[in-house]
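In what follows, a single structure is set out as structure tokens and then discussed.
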Amino acid sequence: MRHTSVPLPGIVHSMSVSSLAAVLPIDRRQSPTALAVARGTTRLLHSLGFAVVSELPLASGRRADLVALGSDGELWIVEIKSSIADFRVDQKWIDYRLHCDRLFFATTLDVPCEIFPPDVGLIVADAFGASLKCEAPEHRLHAATRKSMMLAFARAAALRLAALADPGGPCVSEG
């Protein structure tokens, strides 16, 4: 058997980035700015050693913009805010703290950092990368919540990978 240093074997590595992007469904809920921030933030999180799942449904009924899972089991949630108005009208982010070890906001250079609360982390991003401007304080999850989040993360990632391998198959919808 041939061993490689590729972290995820299979279909993902047999596809080019452009063909992989062409297979992924376009999520029309986010603005182009939010999608750019998500892309740059995901690149940063990958560089920090995290695996990332976007739009992950939570047990509370909310949906986290980005959930990052570290190799040590640490879970981060990143809430994307593309404008001042987006931040001011959306207060559901407070609930996300119950589902992660660290909570971050990610935004663009155009949004003033001063509007974000001091007790969360802050990432500034564009479509090509991101910078961690402020670390988030740690608030460790309870074991049962961590297990639930890790299972939700694993199921979402596996179902999405299966949908890439078989776009017309039974795993296209995550329910």
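Grouping the Ile, Leu, Val, Met, Phe, Trp and Tyr side chains by contacts below 4.5 angstrom, directly or via other members, places Leu141 with Ile77. Cluster membership check: Val53 does not share its hydrophobic cluster with Leu44, using side-chain heavy-atom separations under 4.5 Å among Ile, Leu, Val, Met, Phe, Trp and Tyr. Cluster membership for Ile123 and Val52, using ILVMFWY side-chain heavy atoms within less than 4.5 angstrom, is shared.
A donor-acceptor pair under 3.5 Å links the side-chain atoms of Asp126 to the main chain of Gly129, judged by distance alone. Proximity of a side-chain donor or acceptor of Arg62 to a complementary backbone N or O of Asp95 within less than 3.5 Å is not detected. Counting only distance, with no hydrogens or angles, the side chain of Thr107 and the backbone of Lys81 share a donor-acceptor pair below 3.5 Å. When atom types are taken as modelled, the side chain of Thr41 and the backbone of Ala38 share no donor-acceptor pair closer than 3.5 angstrom.
One finds the CG atom of Leu103 at 10.0 Å from the CD1 atom of Ile94 (value rounded to the nearest 0.5 Å). The CZ atom of Arg97 lies 12.0 Å from the CD atom of Glu79; values are rounded to the nearest 0.5 Å. Going from atom CG of Leu45 over to atom CG of Leu132 covers 9.0 Å, rounded to the nearest 0.5 Å.
In this structure, Pro32 and Leu35 have side chains that are not in contact, with every pair of non-hydrogen atoms separated by 4.5 Å or more. With contacts defined as side-chain heavy-atom distances shorter than 4.5 Å, the pair Leu56/Met149 qualifies. Under the 4.5 Å side-chain criterion, counting only non-hydrogen atoms from C-beta, Cys100 is in contact with His139. Two residues are said to be in side-chain contact when any heavy atoms from C-beta on lie closer than 4.5 Å; Leu66 and Ile80 meet this criterion. Looking at Thr33 and Thr108, their side chains come closer than 4.5 Å, going by heavy atoms from C-beta outward. At a threshold of 4.5 Å between non-hydrogen side-chain atoms, the residues Arg160 and Ser54 count as touching. Within the 4.5 Å cutoff, the side chain of Leu75 has no heavy atoms near those of the His99 side chain. In this structure the side chain of Ile84 reaches within 4.5 angstrom of the side chain of Pro112, judged on heavy atoms.
Within 6.0 Å of the NZ atom in Lys92, the count of heavy atoms belonging to other residues, nucleotides or ligands exceeds 12.
Taking each heavy atom of Phe153 and Val67 in turn, the nearest pair found is CE1-O, 3.3 Å. Here the shortest heavy-atom pairing between Ala125 and Val37 reads CB-O, 3.8 Å. Taking all atoms of both residues into account, the shortest heavy-atom contact from Gly73 to Asp101 is O-OD2, 4.1 Å.
Remark: Phe104 engages Trp76 in a ring-ring contact (aromatic ring centres under 6.0 Å, His included) (not counting sequence neighbours). Under the rule for a side-chain hydrogen bond (donor to acceptor under 3.5 Å, both in side chains), Arg43 has no partner lying at least two apart in sequence or in another chain. Judged as a side-chain contact (heavy atoms from CB on, under 4.5 Å), and not counting sequence neighbours, the contacts of Cys134 are Leu122. Taking Ala127 as the reference, Ala36, Arg39 meet the side-chain contact (heavy atoms from CB on, under 4.5 Å) condition, with sequence neighbours excluded. Residues passing the side-chain contact (heavy atoms from CB on, under 4.5 Å) test with Pro117, sequence neighbours excluded: Phe87, Trp93, Phe105, Asp119, Val120. Qualifying side-chain hydrogen bond (donor to acceptor under 3.5 Å, both in side chains) partners for Asp65, counting only residues two or more places apart in sequence or in other chains: none.
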